Amino acid sequence: MSRPILIVGAGLSGAVMAERIANDLDRPVTVIDKRNHIGGNCWSEIDSETGIECHKYGSHIFHTSNREVWEYISRFTEWNTYQHRVWTSYQGRIYSMPINLQTINSYYGLNLTPEEAKAFIQAEAAKENITEPRNLEEKAISLIGRPLYEAFIRGYTLKQWEKDPRELDPSIITRLPVRYNYNNRYFNDTWEGIPLHGYAKMFERMLSHPNITVQLNTDWFDIRDSISPDTLVIYTGPIDQFFDYRFGRLEWRTVDFTIERHNCADYQGASVINSADPETPYTRIHEFKHYHPEREDTGKTVIYREYSRFAGEGDEPYYPVSTEINKNIYNKYKILEYENDNIIFSGRLWLYRYLDMDVSIKENIIKIRLLKNKLYEK
Ligand code: FAD
Ligand code: UDP
């Protein structure tokens, strides 16, 4: 195959594919990104005033139970031993999140054992008699009962999505486990950590192959008419934009961060504290220094307060909004993918799906493996 290869998007999807094409297929490949940096939403950079590494698009914690993914990505970085733990603030008190025995006992002022707590919560959930949960609210109540739902889920979800939880897909809440012990780890995966030298270094290493050329500040929509027709294009941008929004725009949630620097060693005592109170306008506070406990402490800290809202034109798309209307629009675009079978499509913006990093890596490793098999007819 001598066709030029162009990847649109230098996020995790584009970077994995570029790396695989350069190393495994031994083919030259150009990667463009409209932003002024590689790494997409996983990008991190050092805050010049405090020396603390901040995740520019919100906290990113790598976690996986897939050995192939772990071994693959560990070729580009070492890891620290960080394990994610989140707390949530509700009416002036702090509770464990996801909901565990500490959350249950503290909220109800009880001292239940695991077995007792399970029976207690099941009895709370049974009060509403939900057999087949049709939406996020019903799903949450069927898992934890109404009081815990009203305290820890409803307010946060309203702020996060600006939709009634009864309009949202139940799958959103099943990302969070419910535990009847004091395990307060956010993720259950075998491997977890933050790149020891940061995400930026990890991406630089992935893309630093002589076969790879990276062009930043380059938008696909500005160059698409000028590329040579035999180019194999791999597109990881938004699906609706690719088709010039002909069926309308897909809704996204975006987030705004306000950045505060404080002259104290520790502002909140944890990397993430959520706010469950509906009257508090932000959803959570990230304090990035906690992601690198192994680094020297400068006695300063930087926090990002996160505010969620609907994305307008020009805003960064963060979370797809899982409603029937959006699913219908998405399906109309998705059919057009088959009419463009000379282009490879990938990534969270194309799939209109929340994809953890490990899933993104796996999908793109597999995509290039299939391409290789096709090229060499294995
Ligand atoms: P992106 O990272 O979005 O990259 C796409 C790239 O394409 C961008 O750089 C964009 O600029 C570029 N692009 C788009 N259109 C064009 C165009 N027209 N021309 C040129 N370039 C273009 N996963 C975890 O495993 N752990 C976490 O803790 C975690 N936290 C997250 C927190 C948030 C708030 C979000 C939204 C996601 C989180 N994720 C997390 C998921 C993770 O961000 C994704 O798995 C990952 O970003 C997917 O990479 P991608 O390349 O598909 O998309
Ligand atoms: N959620 C909640 N309260 C919390 C944390 C999460 O109600 O304290 C709900 C909310 O609807 C959110 C979903 O659970 O959208 C998934 O949470 P997760 O932490 O996985 O979301 P992310 O970190 O990706 O924003």
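Everything numeric here is computed off the predicted structure, so don't read it as measured data. Sequence positions, counted from 1, serve as the residue numbers for this chain. Remember, it's 1-based here, ligands and their atoms both numbered in the order they're listed.
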### Query
For ligand 2, is there an atom lying under 4.0 Å from some heavy atom of Arg154?
no
### Message
Would Phe152 count as being in polar contact with ligand 2, using the rule that some N or O on each side must be under 3.5 angstrom apart?
### Response
yes
### Task
Using a strict cut-off of 4.0 Å, indicate which atoms of ligand 2 neighbour a heavy atom of Ile153.
2 (C), 7 (O)
### Query
Considering only the protein, which heavy-atom contact is closest to atom 21 (O) of ligand 2, and what is its distance?
Arg175 NH2, 3.2 Å
### Query
What protein heavy atom sits nearest atom 46 (C) of ligand 1, and how far off is it?
Cys42 SG, 4.0 Å
### Message
Quick check on Tyr318 - does any of its heavy atoms sit under 4.0 Å from an atom of ligand 1?
### Response
yes
### Task
Indicate whether any N or O donor in one side chain lies under 3.5 Å from an N or O acceptor in the other, for Asn23 and Arg75.
no
### Message
Check for me, please, whether Leu12 and Val69 land in the same ILVMFWY cluster - side-chain distances under 4.5 Å, paths through other members count.
### Response
yes
### Query
Below 6.0 angstrom between ring centroids: does that apply to Trp350 and Tyr235?
yes
### Query
Would Ser171 and Thr174 count as having a side-chain donor-acceptor pair, cut-off 3.5 Å?
no
### Summary
If you scan protein heavy atoms around atom 5 (C) of ligand 2, the nearest is Asn274 ND2, 3.5 Å
### Query
For ligand 1, is there an N or O atom under 3.5 Å from any N or O atom of Lys34?
yes
### Query
What do the steps show when you test His286 against Glu306 for side-chain contact (heavy atoms from CB on, under 4.5 Å), and what is the final call?
CA-CA 8 Å; His286 308 256; Glu306 178 175 327; 2.6 Å; yes
### Task
Work out which heavy atom in Val255 is nearest to a heavy atom in Ser308; give both atom names and the distance.
CG1-CA, 4.3 Å
### Message
What protein heavy atom lies closest to atom 3 (O) of ligand 1? Include the residue and the distance to one decimal.
### Response
Arg348 NE, 2.8 Å
### Query
Given the rule that I, L, V, M, F, W and Y join up when any side-chain heavy atoms are under 4.5 Å apart, are Leu196 and Met206 in one cluster?
no
## Note on the structure
Quick note on ligand 2: atoms under 4.0 Å from a heavy atom of Ile173 include exactly 9 (C), 14 (O)
### Summary
for atom 52 (O) of ligand 1, nearest protein heavy atom and its distance come out as Ser13 OG, 2.7 Å
#### Entry: Residues Glu49, Lys300; criterion salt bridge (charged side-chain N to carboxylate O under 4.0 Å, His left out); working and verdict
CA-CA 9 Å; Glu49 285 181 44; Lys300 293 179 182 171; over 6 Å; no
### Task
For Arg284, take its heavy atoms, then give the atoms of ligand 2 lying under 4.0 Å from any of them.
22 (P), 23 (O), 25 (O)
### Message
Measuring only between side-chain heavy atoms, which start at C-beta, is Ile153 closer than 4.5 Å to Ile173?
### Response
yes
### Query
Which of the atoms in ligand 2, numbered in the order shown and given with their element, are less than 4.0 Å from a heavy-atom of Gln160?
15 (O), 25 (O)
### Message
Show, in sequence, the C-alpha distance, side-chain angles and deciding distance for Thr64 and Asp358, and conclude whether the side chain to side chain donor-acceptor pair (under 3.5 Å) test is met.
### Response
CA-CA 6 Å; Thr64 189; Asp358 62 336; 3.0 Å; yes
### Pair Asn217-Lys34, side-chain donor/acceptor within less than 3.5 Å
no
### Query
Between Leu207, Ile73, Ile194, which is the residue that forms a side chain to side chain contact (heavy atoms under 4.5 Å, CB included) with Met202?
Ile73
### Task
Check ligand 1 against Gly347 and write out every atom of the ligand that is under 4.0 Å from a heavy-atom position of the residue.
52 (O)
### Query
Under a single-linkage definition using a 4.5 Å side-chain heavy-atom cutoff for Ile, Leu, Val, Met, Phe, Trp and Tyr, are Val86 and Ile172 assigned to the same hydrophobic cluster?
yes
### Query
Judged by modelled atom types alone, do Asn342 and Arg3 share a side-chain donor-acceptor pair under 3.5 Å?
no
### Query
Taking C-beta and beyond as the side chain, do His290 and Asp266 meet within less than 4.5 Å on heavy atoms?
yes
### Query
Is it the side chain (CB and beyond), the backbone, both or neither of Val86 that lies under 4.0 Å from ligand 2, heavy atoms counted?
neither
### Query
Does Tyr186, backbone or side chain, put an N or O under 3.5 Å from an N or O of ligand 2?
yes
### Query
Which ligand 1 atoms, with their elements, are less than 4.0 angstrom from a heavy-atom of Tyr319?
33 (C), 34 (C)
### Task
Run the contact test for Pro238 against ligand 1 with a 4.0 Å cut-off on heavy atoms, strictly below, and give the result.
yes
### Query
atom 2 (C) of ligand 2: which protein heavy atom is closest, and how many Å away?
Tyr156 CD2, 3.3 Å
#### Entry: Lys367 side chain vs Lys362 backbone, donor-acceptor pair below 3.5 Å
no
### Task
Can you pull out the closest protein heavy atom to atom 6 (C) of ligand 2? Residue, atom name and distance to 0.1 Å, please.
Leu176 CD1, 3.4 Å
### Message
Please list, in number order, the atoms of ligand 1 under 4.0 Å from a heavy atom of Asp219.
### Response
17 (C), 18 (N), 19 (N)
## Note on the structure
the protein heavy atom lying closest to atom 25 (O) of ligand 1 turns out to be Met357 N, 2.7 Å
#### Entry: Close-contact set for ligand 1 against Ser360 heavy atoms, below 4.0 Å
45 (O), 48 (C)
### Query
Just which atoms of ligand 2 are under 4.0 Å from any heavy atom in Tyr319?
22 (P), 24 (O), 25 (O)
#### Entry: Chi angles and distances behind the side chain to side chain donor-acceptor pair (under 3.5 Å) call for Ser65, Trp191
CA-CA 6 Å; Ser65 295; Trp191 295 284; over 6 Å; no
### Message
With respect to Val8, determine whether any N or O atom, backbone or side chain, lies less than 3.5 Å from an N or O atom of ligand 1.
### Response
no
### Task
Please write down residue, atom name and distance for the protein heavy atom closest to atom 12 (C) of ligand 1.
Asp33 OD2, 3.3 Å
### Message
Can you name the atoms of ligand 1, numbered from 1 with element, that are less than 4.0 Å from a heavy atom of Tyr57?
### Response
34 (C)
### Query
Where does Thr218 meet ligand 1, judged by heavy-atom distances below 4.0 Å: at the side chain, the backbone, both, or neither?
backbone
### Query
Will you find, in the side chains of Arg85 and Gln83, an N or O donor that is under 3.5 Å from an N or O acceptor?
yes
### Task
Check Asp356 against ligand 1 and report side chain, backbone, both or neither, counting heavy atoms closer than 4.0 Å.
both
### Residue pair Tyr149, Glu124: steps toward the side chain to side chain donor-acceptor pair (under 3.5 Å) verdict
CA-CA 11 Å; Tyr149 162 73; Glu124 284 287 335; over 6 Å; no
#### Entry: Gap separating the OH atom of Tyr333 from the OH atom of Tyr245, nearest 0.5 angstrom
8.5 Å
### Message
Residue-level breakdown please: for Glu306 versus ligand 2, do any non-hydrogen atoms fall below 4.0 Å on the side chain, on the backbone, on both, or on neither?
### Response
neither
#### Entry: Numbered atoms and elements of ligand 1 in range of Phe221, under 4.0 angstrom, heavy atoms
18 (N)
#### Entry: Taking atom 7 (O) of ligand 1 as the reference point, the nearest protein heavy atom with its distance
Gly9 CA, 3.3 Å
#### Entry: atom 30 (N) of ligand 1 [closest protein heavy-atom partner, distance rounded to 0.1 Å]
Ser59 O, 3.2 Å
### Query
Quick one: which ligand 1 atoms are inside 4.0 Å of a heavy atom on Leu355?
41 (C), 42 (C), 44 (C), 45 (O)
### Task
Report, in ascending order of atom number, the atoms of ligand 2 lying under 4.0 Å from any heavy atom of Ile172.
11 (O), 13 (C), 15 (O), 16 (C)
### Query
To the nearest 0.1 Å, how far is atom 10 (C) of ligand 2 from its closest protein heavy atom, and which atom is that?
Thr157 OG1, 3.5 Å
### Query
What protein heavy atom sits nearest atom 2 (O) of ligand 1, and how far away is it?
Asn41 N, 2.9 Å
